[in-house]
Amino acid sequence: MRRLGCKKIQEKIELELKAKTDSFVAKGNRAPSLAVILVGHDAASETYVNNKHAFCSRLGFLHFDYRFDEDVKEDEILSLISELNARDDVDGILVQLPLPSHIDEKRIIEAINPDKDVDGFSPVNVGRLCLGEDCFIPCTPKGILKILEYYDITTVSKKIVILGRSNIVGKPMAMLLMRKGLDATVTVCNTKTPDVKEYTADADIIIVATGKVGTLNSKMCRSDAVIIDVGVNRIKDATREKGFHLVGDADYLSFENTDCQITPVPGGVGLMTVSMLMENTFIAAERRGN
Ligand code: GUN
């Protein structure tokens, strides 16, 4: 098995982005800026949001932190988004998902100005992605492409199976891999796929993004498959200071005595997602200029 760790890729991207940011600011431009909205107190979401702010600080980005209790009214979030859309000192806007069930996620995402939608979730950016046009590419799929590029794994003419059809990962990933230049043959499985193994057993690359522990194991894959594990699942663990440890959606240990290549959790895709958010925020700032 070959471990496709992402720490080195993250460090490389961070160095490059820091240099680009320093030079952008030295030319008299305001530093790139990101506004992050978090509703509720989900521990995992709080960690992700804190990581985003910490990354912004390291790069010298401006960042604005908006946190609301679980019972906040949808209108309050909508009026904040409207204010952030209009503000000249905000390049990127991110609303951490998932949102509480009384808030209409679709309405919130649609309210974000597509030019500030650094997540690439708004209908305009999704449409552009499908059409192969220039757009904000969602951070996790964009990060997965960086991993494949770093490890010299081509997608051209490859059979790629995606497990999970979410708007955040599965769907945009499929759209990207179908693009000219990436040229993969893509299959997307979902919870109603009768026999997932029928597809995974023949795949060159498998991207697992189901949010379920043990979705994929080595018996379901070719002995030389590439596995990209998007899952981040907390397993209770009294031996750890935090009371849990993280595992992916794939059964990592089952791949140990195979020729497969697999991204670890932690230390894999998650590191790329936040790096790509920074890259998208920098792109938004560059487009704005001055
Ligand atoms: N929740 C899980 N992943 C993401 C992401 O990439 N962006 C946002 N906004 N929320 C998330």
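All ligand and atom numbering here is 1-based and tracks the order in the structure. Reckoned from all heavy atoms, side chains included, excluding hydrogens, waters and symmetry mates.
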How does [X] reach ligand 1, if at all, at less than 4.0 Å between non-hydrogen atoms: by side chain, backbone, both, or neither?
| X | answer |
| --- | --- |
| Asp119 | side chain |
| Tyr48 | neither |
| Leu277 | neither |

Are [X] and [Y] ion-paired here, with the side-chain N under 4.0 Å from a carboxylate O?
| X | Y | value |
| --- | --- | --- |
| Asp91 | Arg30 | yes |
| Glu16 | Lys20 | no |
| Arg87 | Asp89 | yes |
| Asp204 | Arg222 | yes |

For atom 4 (C) of ligand 1, which protein heavy atom lies nearest, and how many Å away is it?
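Checked against all protein heavy atoms, atom 4 (C) of ligand 1 sits closest to Ile168 CD1, 4.2 Å.
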Considering only protein heavy atoms, which is closest to atom 1 (N) of ligand 1, and at what distance to one decimal place?
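For atom 1 (N) of ligand 1, the nearest protein heavy atom is Leu97 O, 2.9 Å.
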Would Leu94 count as being in polar contact with ligand 1, using the rule that some N or O on each side must be under 3.5 angstrom apart?
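N/O-N/O distance under 3.5 Å: no.
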Do any N/O atoms on Pro98 end up under 3.5 angstrom from N/O atoms on ligand 1?
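Not met; the criterion fails.
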Quick one, Cys139 and Asp119 - any side-chain contact, counting heavy atoms below 4.5 Å?
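In short, these two side chains touch, coming nearer than 4.5 Å.
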CA sep, side-chain torsions, deciding dist, call: Glu46, His41, side chain to side chain donor-acceptor pair (under 3.5 Å):
CA-CA 7 Å; Glu46 283 181 339; His41 300 280; 3.2 Å; yes
Where ligand 1 meets Val95 - atom numbers and elements under 4.0 angstrom, heavy-atom basis:
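Answer, ordered by atom number: 8 (C), 9 (N).
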